[in-house]
Amino acid sequence: MTSPTAGKPASAVPSAGQAHTPFDPEQFFGRQKTPTDELPPPEPLLENLTRCVMEVLAGARELDQLARWISEDVYKHLLKRQVVSARARQVKGLQAVRPVLTIGTISVFEPCDGVVEAVVMVHQRTRSRAVAIRLEGMDRRWRATAIAVL
């Protein structure tokens, strides 16, 4: 019968005076950061996510459709914005309609590996707006961790 420490290097086996390090399940089963070179180009997601966010705020799209691409904090923030927009439409007596918009320039910055910060210009008939988005590489895909419609 072999001992449980047989075949392991001496540095990996704790001695009598050393304490065992606790097992951290987040390290193995939690979200794993992904470097930029293992992720797809962010521009298509930035464009589509911006369009979808504008449609959510206009009441033409359900927020749940974006849940896969946004963090929990962003979901909560957009949910609050969606409720405020719906109340404003109700007070004014307006119906929810799909906005007519065009995506303008997309300025992308990479502050560190696996993180992209971008500003997407959105042009509508009456005004233009900027949408700031921060994407982080998690589990081999981009996930929006911050979205601000300015």
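Note that the numbering runs from 1 along the sequence shown for the chain.
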Gln95: partners by side chain to side chain donor-acceptor pair (under 3.5 Å), with sequence neighbours left out: none
Worked check of side-chain contact (heavy atoms from CB on, under 4.5 Å) between Ile147 and Leu49: CA-CA 10 Å; Ile147 297 178; Leu49 190 58; 4.1 Å; yes
Listing, residues 34-43 side-chain donor-acceptor contacts under 3.5 Å, not counting sequence neighbours, or none:
from: Thr34; atom 1: OG1; to: Asp139; atom 2: N; distance (Å): 3.4
from: Thr34; atom 1: OG1; to: Arg140; atom 2: N; distance (Å): 2.8
from: Thr36; atom 1: OG1; to: Glu110; atom 2: OE2; distance (Å): 3.1
from: Thr36; atom 1: OG1; to: Asp113; atom 2: OD1; distance (Å): 3.1
from: Thr36; atom 1: OG1; to: Gly114; atom 2: N; distance (Å): 2.6
from: Glu38; atom 1: OE1; to: Arg140; atom 2: NH1; distance (Å): 2.8

Salt bridge (charged side-chain N to carboxylate O under 4.0 Å, His left out) contacts in which one or both residues fall within residues 76-86, not counting sequence neighbours: Glu72-Lys76
Name the atoms and distances for all side-chain donor-acceptor pairs under 3.5 Å in residues 99-106, with sequence neighbours left out.
none

Pairs under 3.5 angstrom only: tabulate donor-acceptor contacts from the side chains of residues 52-70 to other protein residues two or more places apart or in another chain.
from: Glu55; atom 1: OE1; to: Arg61; atom 2: NE; distance (Å): 2.7
from: Glu55; atom 1: OE1; to: Arg61; atom 2: NH2; distance (Å): 2.8
from: Glu55; atom 1: OE1; to: Arg98; atom 2: NH1; distance (Å): 3.1
from: Glu55; atom 1: OE2; to: Arg98; atom 2: NH1; distance (Å): 3.4
from: Arg61; atom 1: NH1; to: Gln65; atom 2: OE1; distance (Å): 2.7
from: Asp64; atom 1: OD1; to: Tyr75; atom 2: OH; distance (Å): 2.4

Interatomic distance, Leu135 atom CG to Leu45 atom CG [nearest 0.5 angstrom]: 5.5 Å
Minimum heavy-atom distance Ala144-Val74, with the two atoms named: O-CG2, 3.6 Å
Salt bridge (Lys or Arg N to Asp or Glu O under 4.0 Å) against Arg129, all qualifying residues, sequence neighbours excluded: none
By side chain to side chain donor-acceptor pair (under 3.5 Å) - contacts of Thr145 (at least two apart): Glu136
Enumerate, atom names and distances included, each donor-acceptor pair closer than 3.5 Å involving a side-chain atom of residues 117-126, sequence neighbours excluded.
from: Glu117; atom 1: OE2; to: Arg134; atom 2: NH1; distance (Å): 2.4
from: His123; atom 1: ND1; to: Ser128; atom 2: OG; distance (Å): 2.7

